[in-house]
Each structure stands twice: as structure tokens, then as C-alpha cells.
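Just the heavy atoms: all of them, side chains too, but no hydrogens, waters or symmetry mates, feed the values below. Just so we're on the same page: letters track the sequence lines, and every chain starts at 1. Predicted model only: the values in this text are computed from it and were never measured.
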Amino acid sequence: MSIETNTGEILKNSGTFLASLIILPPLTIGILRKTKARFQNRIGAPLLQPFFDLAKLLQKNETVSEHASWLFRIAPCINLTVMLLLSLLIPWTSLTAIPHGIISADLFLIIYLLGLARFFTVLAALDTGSAFGGFGASREVTLALLVEPAVMLCLACLGVRAGTSDLSQVFSYEATRLTGQYGLWFLAGCGLFLSSLVELSRMPADDPTTHLELTMVHEAMILENSAANLALAEIGHYIKVALLLGLSWQCFMHCLPSHLLSDWTARAIASTGGIISLALFIALIESLAVKLRWTKLPEFIAYAVAMAIFSYLIALSV
Amino acid sequence: MQLSTFEALAMLSAVLGILILGTTLLRTNLSFYRFHTLAIVALTVWIGHITKEAHLYIVAAAVLLVKVLFIPSFLGWVMKKAEVGSDKQAFIAAPLSMHLGAIMLGVSYLLSSRIPGLEGVHQEGSHLGSTAAMSILFTGVLLMLTRRAALSQILGFLVIENGIYLFAVTQTHGMPMLVEMGLLLEVLVGVMISGLLLFNIKKSFEHIDVSQLTDLKD
Amino acid sequence: MAPPNCILLYGLACLAWTIGVAFTIIADLLKTKLSNRLALALTAGGALSAGMGAIGNYQAGIPVNFTALKHFGLTTLSFTGDNLAIPFILLLTLVALASTLSTRDLIDSTHNKEGHRFQSNHYYRLILLLLLGTLLVLLSANAITFLVFWEVMSVAAASLITSEHVRHRAQRAALAYITASRLATALLTGAFLWMYHQSGTFDFASWQFQSNSTFPAALLILLAVCIKAGIWPAHGYLPQSYAEAPGPAAALISGVIGKTAIYLLLRLLVLGNCQHSWVIYIALALGTISCIWGILFALVERDLKRLLAFSSVENMGLIIIAISLSMLARKEGLPVIAAIAVTGTLFHAFNHGVFKSLLMLAASTIDKKAHTRDLAQLGGLAKRLPWTMLAFFIGSVAICALPPSNGFASKWLIYQAFFRMAIESVPLHDRAISLAMLGILSFVGALSLACYTKAIGIAFLGRPRSKQAQFTPETGLSGSAMALVILSAICVFLGTSAGICLRAITPALAELNGSGIDAANLFPVAVAQLSLFGLITASIIYLCILGPRSTGMKTYITWDCGYGPLSARAEETGSSFSHPIGRIFSQVLQLKVETNITGRDRRHFPEGIKVETRMTPFIETTVYKRFIEMVNFSSLTLTRLQTGSIHVHLLYLFLTMIVLVYLGTVL
């Protein structure tokens, strides 16, 4: 990897990256909610409503359960930190904050950092002794355990074909051993997308807008959080949405003909547009499909695993 | 590996076939079957395009009409009539059988390396067409083996038939059209008869669980 | 430091421990109690001098040989301290010091329910013997020496398991433990005899396992190691024995004793360059099964210590997997991958020793304070045992292999080895296995995350679920808390500065792998920089956003849906937390849930609800039971041979003699 020497280039890169990191995650959620509202024949909240919500939450005074320990307050904080770290590591857009080669975006590191964030979130949910939090936590670890092999296999198969475990090299747009591997990219992308639907607690796995916390996963876990604490947890979650959708979109982007994505601007626009279009797609799914029953979920996740197995077969065949 | 269009279509049909195994919801099964057969139709058209055999176009049109449009709709109608929605209590959990099917795809890749491909259609040394055909065959067998509902059995039979058809198409320059048409007619009649039978089974036994048909023996 | 000095230090350690043993015997004869301070000082002093010996040995850089007795049965009583043994000796030192530090809090003045005074003399004697045996096992240079101290170690460990209580459960546990180690010893003896037959010497150093004729020996060694390490299907004794051993001893047994089996495998099969593919694949398969099996059972376990023991099964499986991968890579001629795998093995063995003993000590602290280890009775301990909570938390982060802990570094190495194996142009099945192992390992990782979030979440967080968990909070930093904090600091240190720590493994790696690769280069992940960055970011977020709001913070009850104060019974319990996963794997776990609702209108106004979850471990109930029944039956049949008549016995003697003479003439 050649380190870009041009300072202007680096500034442009990291500036756009920073802007997209700040704007894109809440905007994605805003778009998702707006689209769902339109599907339901409502006008819906403004696109920037997530920003307003966060601003309001950050000004409020916090209420903490009397049973909570220190974990409860630091967990969202750690969660957000891990997500920020991951946003630097995961190649979720074609933009890069740091030039290639300075820090290796190792895929095992990425997966275990996601695990670290989950560890804290789950413990914070159990911390207040609320039954809802407990249910949410229990479901979260169950889903994670089913999804994790799929995510790992999809990424590892890409890595094996590319001959490196550094994801920034795997997803690089320079000619690599993965150029033209449309089947592998597509299947891995499908696997990652299906897994991220589950990881992000979106519709077939979890309905984030239902009125009953007893059936939820993510919302049940942050039920006790309030004010700034809640805002941090939400920002962390928004960033996670952008990261995972971005990662699966990057896979699909590699399936596009390469001459379309030859220059920097085209890639940047395609990456951003891709995340938003995936959000629109999720809104479509959520408007048309119903939440699956809890016992039926393993069947849904099995499709993600099946995609991973197909990628596995492709990765093995020379 | 870089896939040619032919290989990509073949693999697509195999993958869609395997996805049928993933759920016990019969309606989803049927729509996956639809897409799976659609991929095979596209493949037939593509082979016709490459080998310049015009009769393959007609065969493709007939398959489209019968297996993509008619049979799934007919089976959907039977389902509605017989009031069965899902195949309860598969012998192997549906997700597992799908993963098994995916692994069988790998196995058929290994097995089919001995079978030479059709000249002019395949790239040199590629055998993905027969891999796909064999994998679809395995998928059908798995479907018939692991499920209980009679409708799944019919679906399994249809998938196996697709596998055999794909095998014939990828290995030869298409069978004589008369044979193709005869086969198609046979499948059509078979499905219709078994669909009606299923309806009657449901009416007399209140279920369509074929594993309980062992009670019928003397 | 010159080599003789480290011999001296090793000798000093043995001397201190032997003196300790002698003192306890004298104290017993005088019917007095050996002073705690003296016993602990001897234990710690011995451990320290062993550790210093290991450091001296490391600095010397060459194997240190020492022959104690020229004639010791069939061979000499000789020892060698080489680079491979050093990490294990350091681990022994560390765990021994930690458990010594916490002994006074966890052991002293323990009265059990039957009112039996805890026999401290007996306990110290066994701990000292255990340490002595383990150190000398690690140092043995030949098979006979090894077997002798292996036996000392096993017997001491088995007796320790019975030492605390006169309970039936403890007796059973000890019986199971002793049976397992007996079996392991028998297999090892067979293997050693076979190797003696092949090579004509008992020296470990001259044993090579390349030729076909050594296959039975290699297989027997593998099986013995699997039994000793608690690999599936011989894992049954582990949960029982770890749970029954008194705290510090449990830390030693789970942290170090199991590792001696790993050490043996490294010393014989890896050092002896074993290339039998059967051995490799059997090890891989058994390791994989015990990974999944162990962690699944840990997840549904209610008893905290048993949970930890089952998770040991998983980690041992992981280590065995890594070892078999290194053998495979070496067989395929891929020294770099072999080096990564061996480094992963050594580092993970060390790390597991550290964090498992940490978790064991923490669990024992809970047991000591709350008088129960049942997760359904615990809860809310974060407020009562803050230090223990912190340590347990860090230990869990480490055992779940989350960055920036040491567990992540070692597991990363194992992942990386498999990943590279899948890239290389090795036979298809090897690549297929390697790539599939990545998926399986991540699955196991997610399971262990579930398992340890359950352990922390249920035991430490929320509210107390019983009276027993409402004891008075710990004040200050007691000895055991100090030991825990030190161990957890080591976990973090080893993780964040993995590069430096791996450099220390390099000589051992060079010895095992025969290549001059610097182990520090094998772990290029910038964990230290990332964790520094993360720490700074987290602090900024905390100070800028949460900090200023702390003043206006309101403490209130947990949301109760407006029904009034919730009772602790409304909380998630351990079994309900793991229930969804238990349901998914109900075939493996044989999980059965029976719900019994009584009352006239059962649906809307139940009077009593009784839910019973039952889990019957398949291996224990079906396979082992059959086996034991078979043994019982055959023993009953065989007792007929023992008629009691002296003449018949003489006849047996005579017949045996004839057979032996015949064999002697023929062979």
C-alpha cells in the first residue's frame, strides 16, 4: 500500500469521511423512519428528527435506577467509543479517514470489537435488574451467537480469496485478487446484509417501533437509559447501522462494473447513496413484512449462514 | 474464479434451489421454486442462444409456461383448498437441511469434476453446469427425505425433475423436442394428479403427513 | 546469571516446599496447628524462588541440566530446565502467589456445616506437595522422573478436592478425579514403554515421533493428555472436581494442573515432530467438539464454579486445536503458520492459566461470602464486592477474548493461523477444515460471550435474589481482592503489550518450531495504540457529556410498569437468560422444561406456577453409565475367581508363572 503523500488529498479524504460519519448515521435513520411513515400514509417526522432528538436528550437530566452499578453509566460511553474506533477500521465507505497501511483493519479485531460493544450493552441491560432488560439481553446474545459465524465466514472468505485479513486491503478498489469475483462479492454481501438486519434489530428479527417492550431486543435493552446516557446509546446504535449497512453495500458495490467507479467522487457518491438505498430497502421490508416469531428466527438467520456457506465453497474452489 | 454467464446462471439456479430447503413455509417454498425454475429457463434460453438451436427457445417457453407459471399457482391453489400453510415437524430442522444442501453443492462440485462439459458452451475444463444439475438433484432428494407434508414431496419431485432436465440440457445439445415435451406433459399430469390426491388425503385423514401413511399397510 | 544459580533457585523452591511438608507432618505428630504465616511464607517463598529460577533460566538462554540421582530405578533422576518449561513455571509461580495471597481470606477459619474443623495442616501439606509435584513435572528430563512427580501431583490434587468438606459430593468428585488421572497415567505408561522399546532410552529429549512405528505411542499420549486436560468425552470429572476443591486449590488445579497436560503434549509430540495425520485429525476433532460442548454446558450451568470448569473444557479444546494445527502446518512444511499456532498455544495456555485462576478465586470469594454458588441465589454483588466484581469483569473480558485483553491476543493468533492455512496451497480438505474452523471458533466465541455475560449479569448485577446474597459489603482491599486485582492487571497488561510479552516466548518458540522467528512479529495488531485511543475517547465522552450532567442526576427505582416496587423474583435468572440458547440446542443438551400451572382458572388467575428445567448430560447418563455398568458387571463376574481358598490362589500363581516363563522363552 502506498501512503498518500499529497496532504490535500488526505485532507479531502478525511474531511469528507468525518462529515459523512457525523451526518450519515442519524440521517439514515431519519430516512428510514420517513419512508416507513410515507408507506403508512403518514407525513412522518422530519428527516432530521434524529438530530433534534439527540440534541434534546443531551440537555435533559438523567434518571438512573437505584440498583445500577458503575457499569450502567460507562457502558454507552464505551459502546460509542468502540463504534467510533470501528468507523475508522471498517471499510464502510470508499472514503478513509486514515491513509492505508497505518493501522491494519484486521477482520478478527473488528469482529471482536463488535463483541466488546455487545458485552457492555448486554451487561448494562442486566444492570438495573429490570425484567425487560434481562429479556432483551438474553435475546441479543442468542441472536448474536447465531449471526456471528455468518459474519465471520463471509468476511473470512473474502479475506482468504484476497490473501489478507486486512479488510481495508480486501475492500480496496485498486486491482486485487478479488476483482471480478462477482459471485463471491454478491453472496458475501447478501450474507452480511441479512446478518446486519438481525444485528441491528431491524424488522424480521425485531420490531423497533412496537409498543410492547417485552418482544423487543435492542429497545428493551436500553429501556432504563435516559437523557445523555440514552443519547450516547442511540448515537452508538446509529453509527452501527451505518457501519454494517455500509459494509454490506461495499460488497455489492464491488459487483458493479469497475469503470463506473473509477474516480474518487463517483465512489464517494455511490457509497453514500448505497447506504441510503439500503435504508430505503429496509423501510420497504419493514412496511411489507411482519416481524417473525421468536422461534422462527433461527430459520431466517439460517439464510445468512447459507450465504456464508456458499461464499465458503467459492472461496475454497480455485 | 470468473464465471461465464452460463456458469453464473447454473449456479444461481442451484443456489435458489437450495434456498427452498431453508423454510417450512410452503408458500415461500413455492416462490423460491418459481425463481429457481426461472433461472433454469434463462439458462435454457442462453444455451439456445450460444448453440444456435432454435428448438431450445420453444422448450424454454414451454417450461416457463408450465413450471414457472402454472404448477406453482396450481399448488398454491391446492394449498389454499387443503388449508395447509406450513410443513410442521420436518425430520431435520429446515435450517440444517439447507446447510446440508449447501454442503452437498460442494460435494457435487467434487463429484462432477469427472464429467466433461458440453463443448462450445463451457469454458475449457469447467464443469459447473453438471455441478449445478447434481446439486439440484441432491436438493430435491433432501427435500423429499426431510419433510413430512405431501406437498413438500411433490415439490421435491419437481426439483429432482429440474435437476435431471438441467443435466440433459447442459450435457447434450438438448434432447429431441418431442422427448422434452413429453416429459413436461408427464410432469404436469403427475403434479395435477398428486395435487388432487393430496386434496383427498387431507379430506380423509385431516393431515398430509406422509410419514403417517405407514398406517395404511396391512 | 549463570546456569548453576537457577538450579540453586529451583532447588531452593523444592527445599522450601519439602520443609513445609515436613513441618506439617511434625505439627500433626505434635497435634498442633502449623502457623498459617509460616506455611504461607514457605509456599510463597518457594514459588518466588521457582519464578526467579525460571527468569534466570530464561536469561541463560540454554537448557539447564541437573542429575539428582544416578540410579533411580530404570534410569537417572534428572531434570532439565529448558525454554519450553519457563512459561509454565512462571505461570505456576504467578498462580501459586495469587492463591497464597488469598488463602487467608478463603480458607482460614472455615467451619463446614457438619462442624468439622478445617484441617489446615492437611491442606497446606497437600498444596505444598501439589506445587512440588507440578514444578518437578515441568522440569523432568525423562519419562520415569516425569511419571513419579506426575503421580505426586495427581494424588495431591485429588486429596485437595476432598480436603475442605466431608461431603458426599466431594468424595465422588475426588473419586472421579483420581479415576481420570489413573487412566491418564496408565495410558502414559504404556506410551512411555512403547517409546522405550522403540528408542532404547527414557530421555524425553531423544524421542522422535516421525516414524510409523511410534504411532501407537503418539496416540496414547494424545489420549492421556485429553483425559488429563478434560477434553470431550473425558470432561465429565472436571466440573465436579473444580467445584468441590477449596478456592485457592481450585485456582491452582484449574489454572496450572490442566496445563501440565498441554505441556506434555508440546514437549513430546510437538518437540518430537509428530507427523501422524491420524493423531493430528483426532486431536483437531476432539478439540473442536470439546470447545462447543464445554461452552454449551457452561452456558446452561447454574453453579458458578461448575460454569467455570465447563468453560475450562472449552479453552482446553481451543489449545488442543491450536496444537494440532501447528503439527499439521509443520507436516505440510509451513513453518510460519506452525510458529503462529505454537505461539498461540503457549500464550493461550498462559493466559488461560491467569484468567481462569482469577475467575476461580473470584467465584470462591463469592462462595465464601454468600455460602452459595448457585446463580439463582446470587445477584447484586457489584455493590457488596466491588473489587471482586471489577476483577471478575476483567477476567470475563479476557476469557471472551475481547480486546484489549490478553485472551484476544492469544485467540487472534489461533484465528490467524487458521486463516493463513486457508490461504496456503495445501490439500483441499485442510483448507476446508481451516476455513470452517474460523466459523466454528467465532461461534464458540459468541457462546462464551453469552456465557460470561450471564455469569456477571446474574451474579453481580441487578438485585440480590436471596437473603444469602445480602451479606455485609467488603471493606477495603482484602488479601483475596488484592490477588484478584493483581491478576486482572496482569490480564490487561499482557493484552495491551502483547508484542513485548510475546518476545519473551520467542526462545520457547525457537525450541518448539526450530525456526528463528521472533514471536513478537507474529502479532501486528496495534492493540496498545487502539486501546489508548479508545481510553482517551471514552474519557472525553464521559467527561464532556455524562460528567457535567452528574449533578442533576436523579436516582429512582427501576421501571416497574406502574405496578409498584418489583420484587427480585421478577428479574431475569440464569436459567431464563440461557433458555433461548438452550432451546436451540435442546438436542445436544437434552434440555427439558416442565411448566405446571395450578389453580381453578389457570389461565387468568394462576395460584401456583412451577417451572422445572431439567438437563441430562447425554455423555454422563448414557455412555458413562453403560460403561460403569459394564465394568461393574465384569468385576462381579471376575470376583468368582477369588474364591478365598489359598490353594486356588497358589494355583493362579503357578499358572501365571508358567505363562511368564513361556513368554520369556518365546520373546
Does A:Val305 form a side-chain contact (heavy atoms from CB on, under 4.5 Å) with B:Met98? I'd like the steps, not just the answer.
CA-CA 9 Å; A:Val305 180; B:Met98 172 163 63; over 6 Å; no
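- A heavy-atom distance below 4.5 Å is not found between the side chains of B:Thr23 and A:Lys296.
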Kindly determine whether B:Leu19 and A:Tyr303 satisfy side-chain contact (heavy atoms from CB on, under 4.5 Å), including the steps that lead there.
CA-CA 7 Å; B:Leu19 294 186; A:Tyr303 281 101; 3.6 Å; yes
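- Of the inter-residue distances, the one linking A:Ser317 atom OG with B:Leu110 atom CG reads 10.0 Å to the nearest 0.5 angstrom.
- Neither the backbone nor the side chain of B:Leu12 comes within less than 4.5 Å of any heavy atom in chain A.
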Evaluate the side-chain contact (heavy atoms from CB on, under 4.5 Å) criterion for residues A:Glu299 and B:Thr28: first the C-alpha distance (whole Å), next the side-chain angles of each, then the deciding distance (0.1 Å), finally the verdict.
CA-CA 12 Å; A:Glu299 251 182 45; B:Thr28 323; over 6 Å; no
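- The number of heavy atoms from other shown groups lying within 6.0 Å of CZ (A:Phe186) does not exceed 12.
- Heavy-atom neighbours of A:Phe281 CZ from other residues, nucleotides or ligands within 6.0 Å: at or below the threshold of 12.
- When heavy atoms are compared at a cutoff of 4.5 Å, A:Phe310 approaches chain B solely by way of its side chain, counted from C-beta outward.
- In this structure, B:His99 contributes its side chain and A:Ala302 its backbone to a donor-acceptor pair below 3.5 Å.
- Counting non-hydrogen atoms of neighbouring residues, nucleotides and ligands closer than 6.0 angstrom, the CZ atom of B:Phe35 reaches no more than 12 such neighbours.
- A:Ile309 approaches B:Ala102 most closely through the heavy-atom pair CG2-CB, 3.5 Å.
- Surrounding CZ of B:Arg27 are at most 12 heavy atoms belonging to other residues, nucleotides or ligands under 6.0 Å away.
- In this structure, B:Met11 CE and A:Leu313 CG are separated by 8.0 Å, a value rounded to the nearest 0.5 Å.
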